[in-house]
Amino acid sequence: MSSASAVSTKPLILVDGSSYLFRAFHALPPLTNSKGEATGAMHGVLNMLDKLRKDYQPEQMAVVFDAPGKTFRDDLYPAYKANRPSMPDELRQQIQPLLAMIKAQGYPLLIIEGVEADDVIGTLAKEYAGRVIISTSDKDMAQLVDERVHLINTMSNHYLDPAGVNAKFGVAPERIRDYLALMGDAVDNVPGVDKVGPKTAVKWLQDYDSLSNIMEHAAEFKGKVGENLRAALAHLPLSYELVTIKSDLALPIEPEGLTFSPPDLEALRELYTRYEFRSRLNALDKLALPPANTQVTNLELKELPSSLSLNLSSTPESSPQPVSERQYQTILTQTELDQWLQRIQQAGEFAVDTETTSLNYMNAQIVGISFALQAGEAAYLPLAHDYLGAPVQLNREAVLAQLKPLLEDEHLGKIGQNLKYDRNVLLNHGICLAGIKQDTMLESYVLDSTASRHDFDTLCAQHLQHTTIHFEDIAGKGKHQLSFNQVALEQATPYAAEDADYTLRLHHYFWPQLQALDGQRLLYQQIELPLVPILSDMERKGVKVDALMLAKQSRELEQRMNELVEQSYQVAGQVFNLASPKQIQEIFFEKLGLPVLRKTPKGQPSTAEDVLEELAELGHELPALILEHRGLSKLKSTYTDRLPEQINARTGRVHTSYHQAVAATGRLSSTEPNLQNIPIRTPAGRRIRQAFIAEQGCQLLAADYSQIELRIMAHLSGDQSLLAAFAHGLDVHRATAAEVFGISLEAVTPDQRRAAKAINFGLIYGMSAFGLARQLNVDRREAQAYVDLYFARYPGVKAYMENTREQARAQGYVETLFGRRLFLPDIKARQAATRQYAERTAINAPMQGSAADIIKKAMIAVDRWLRANQLKTSMILQVHDELVFEVPLDELAQVQAKIPELMMHAVSLSVPLLVETGVGDNWDEAH
DNA sequence: TATTTCACG
DNA sequence: GACGTACGTGAAATAC
């Protein structure tokens, strides 16, 4: 690495700090700290700098501010900027601390006397052209744009290259100065031509090309503006000079002046504390290792969700122990095994973990099992390590036969991490794990569903400050990764035994917290834990998929896609990749000259679906072709091509994985494959459901809750009108329309019903008038009128929404019907967008989460009933508000009568729950 | 690896 | 001159 590598390809970002300072001050609400000192502009500028650094990850940057005092322009023209109102005190007071913060963060800060920030940027832009991006909200800077210097407005996300300048202003970047001089600038007191604004300036420049040419032909301009032009001739050169940004200054700036310095953490802590920048202090604390025990940190604790502060204040018994205090035994003899099993029996419960050949639960074979009885005391029982020179191990089949009664003993409690997996794997060996008493993954999930992950390594690191041995550490990674049977016992034992040991410690850590919270404990014990074996059975049962039918659909899709490709090539006049946004951009916006409706944050013209749809509506052929192609390509690659590959060779069925600790709201999720997003909305998509079929002699039964989230809203809000609508079995969208529009049910038009439906959905999502307006394609005021009308008619709903937000603010979390908590740390965020996002989540989570609770309870009830009656019907799929069963023909009548019954009465609400069922040979028919 | 797009409730 | 805008997921493809 030599210093000659100064020629970097990474961008140099030049930030017009002064322009953002003003914009942020005026655009943001007047935030203050508790002492009443204004802080809004500081927040705005710092956030903007963070965003730039994150988006571009530049190696070099310059944050440029105006220096106080006169500049050459004042000498040139004493009246320059004389019209500017003097800076408000609230803004002036923010400047010094802001500059100090920027500097302490390590940003290269430039403040050069005698010149304006613009000129510093202009000069640097020229010097480093080729990799310069200027970040500014000042339109005058557009004059600096060329092929090698681009502009980004970080507040509005508008990106300007030469074409962008042309599109935005109507003149090329080289003519921006002419344009500005003609218009003048009232605020900066730059004189222009009277009565000439942007429209006239553009028109003149289009006709006469340049300012100098306009001045030469000034005599030709007619009317009043012509006179004004001639009157302005004398001062136009001065105006031109005033608006011209200098790019040839001799600046005392070395390249080193443009690189980041390490942040001065102490200074930052002091500044952030002084101005009460809490989220920044938080971020600072995360950086600092170990977390500093300053007063500030303690202060922060009060703001954390209760579960978190509980974690921090209670010292778990199983605090980290040095390795020497752990005793991990490798069980290689029958005597050793017998001793352990005896102790397990006596203990009544134990932590257990299986090691296997594969993560795929259908194919995995057991390689070994580990046990733990108390913290630090664990054993690994290797059964199938088969690397060259592996020690002789106990016979797997014999040991499993000996273990079977223990593992299947419902009264011998098992403690594990994600025991669903262990249950699935043990079933591969004919053992049905019972007595699933504690699952640390679910304990963690119930205590805080918003934690990013609930896997073993993360939980140990986060709660026990213990770094576990990672699988990759002992098995390697990539394609050379060993399967566990190939791992040497010397390494396998500490790894496997640690799993059981620390699972137990995690349980010791979580359990007191759960016991302190009745709601969470019941949710965990009565819903989440009982669901584990049910999900395990659903996964292992799988669903039959007709591979031949999907293959046929793939061929048909391919044919149609080929036609679309051919047509597209003709329209575009060239060959290109229809799946590449980049190539589409080139052809759309450069070759065919379609209008750029929107740009991505990185400044590229967007080719997102809505943009394409809009273009298609404008009558352009190519966007429509590409949209259809995209849709079909998705169906083919994700479903018709991929699903057949995922059919298990042994069972001929597809086995998904349900994840019980992923979705923050309490829903399940499904992966490999995701069977919760099989198409249904389009005819082509729907055909895929025809490939989900019933076994010979069976039918599929689909049972789904009708409008469960709206019903929950009615229940939670207690709104009389809404409750009545459901009690009378009305079409709820029609009833809403009748109420909102003040007409009879019969008089509701399809459009009114559609609007009412959008409002109802919007309510569930915590809508804004803006969102509703976009959904309905009406203007904001009209949407707001609908919302107001709705809330007038359904005052209970309005009160509920307000209470929910208030509760979220007061408690820091919201709850579902069954006490599932969802923490919302952002509910008090200073940044409005962040805070509003949390508010919408607060509205949505109780409804989505209660629906999740209810269907989980229903699954437990249905499973219990099927077992009690020894039926052969299997529950095979769950899709949030729908359950799918594979039913032998002779059970069909009984099952179809009883299952909706069980689902409807899974809970008792103040509204009836409605369940609709369908039966068919395939999933499509069953709907 | 991150982003964009699109499938579902 | 003006924050960003409906909730929750997972998978595939392309761009970086």
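Lettering of chains follows the sequences in order, A, B, ..., and the numbering in each one begins at 1. Being a predicted model, the structure only gives us computed values, none of them experimental.
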Output the rounded distance in Å from [atom1] ([X]) to [atom2] ([N]).
| X | N | atom1 | atom2 | value |
| --- | --- | --- | --- | --- |
| Glu882(A) | dT9(C) | CD | C1' | 16 Å |
| Gln878(A) | dG8(C) | CD | P | 18 Å |
| Ile584(A) | dT3(B) | CD1 | C1' | 15 Å |
| Glu709(A) | dG9(B) | CD | P | 12 Å |
| Arg642(A) | dA7(B) | CZ | P | 18 Å |
| Glu672(A) | dA7(B) | CD | C1' | 17 Å |
| Ile759(A) | dC7(C) | CD1 | P | 18 Å |
| Arg630(A) | dA12(C) | CZ | P | 18 Å |

So with a 6.0 Å cut-off around CD of Glu782(A), is the heavy-atom count from everything else above 12?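 Yes.
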
Enclosure of Arg560(A) CZ (heavy-atom neighbours >12, cutoff 6.0 Å):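 Yes, CZ of Arg560(A) has more than 12 neighbouring heavy atoms, counting only those of other groups under 6.0 Å.
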
With heavy atoms under 4.0 Å as the rule, sort [X] into base, sugar-phosphate or nothing.
| X | value |
| --- | --- |
| Arg780(A) | base |
| Gly762(A) | base |
| Ile678(A) | sugar-phosphate |
| Ala758(A) | base |
| Ile843(A) | nothing |
| Asn577(A) | sugar-phosphate |
| Ser670(A) | sugar-phosphate |
| Ala851(A) | nothing |

From [options], nucleotide with atom closest to [X] side chain:
| X | options | answer |
| --- | --- | --- |
| Met767(A) | dA6(C), dG8(C), dG1(C) | dA6(C) |
| Leu627(A) | dT5(C), dG10(C), dC6(B) | dC6(B) |
| Ser637(A) | dA6(C), dA13(C), dT9(C) | dA13(C) |

5'-most by nearest nucleotide on DNA chain C - Arg667(A) or Thr671(A):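 Its nucleotide being nearer the 5' end, the pick is Arg667(A).
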
Toward the 5' end of DNA chain C, which comes first, Tyr765(A) or Gln836(A), by nearest nucleotide?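 In this pair, the answer is Gln836(A).
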
Are [X] and [Y] linked by a side-chain donor-acceptor pair shorter than 3.5 Å?
| X | Y | answer |
| --- | --- | --- |
| Asn760(A) | Thr736(A) | yes |
| Ser19(A) | Asp138(A) | no |
| Glu558(A) | Asn562(A) | no |
| His659(A) | Thr671(A) | yes |

At under 4.0 Å, does any side-chain N or O of [X] touch on OP1 or OP2 of [N]?
| X | N | answer |
| --- | --- | --- |
| Arg840(A) | dT5(C) | no |
| Arg681(A) | dG9(B) | yes |
| Ser669(A) | dG10(C) | yes |
| Thr841(A) | dG8(C) | yes |
| Tyr837(A) | dG8(C) | yes |
| Asn674(A) | dA7(B) | no |

Searching all strands shown, indicate the nucleotide that pairs with dC3(C) (Watson-Crick or G-U wobble; both distances under 3.5 Å).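 Paired with dC3(C), as far as the under-3.5 Å criterion goes, is no nucleotide at all.
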
For dT5(B), give the paired nucleotide (Watson-Crick: N1-N3 plus N6-O4 or O6-N4; G-U: N1-O2 and O6-N3; both under 3.5 Å), or none.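 The base-pairing partner of dT5(B), which may sit in any strand shown, is dA11(C).
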
Say we look at dT5(B) and dA6(C): how far apart would their P atoms be, to the nearest angstrom?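 Rounded to whole Å, the distance is 15 Å.
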
dT5(C) and dT4(B), which share atom name P, separated by this distance in whole Å: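 Going atom to atom, P in each nucleotide, I get 13 Å.
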
Examine the base of dC7(C) for any acceptor or donor lying under 3.5 Å from a partner atom in the side chain of Gln848(A), and report the outcome as yes or no.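 Donor-acceptor pair under 3.5 Å: yes.
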
Full working for salt bridge (charged side-chain N to carboxylate O under 4.0 Å, His left out) between Glu528(A) and Lys856(A): CA-CA 8 Å; Glu528(A) 300 299 354; Lys856(A) 284 176 173 177; 2.9 Å; yes

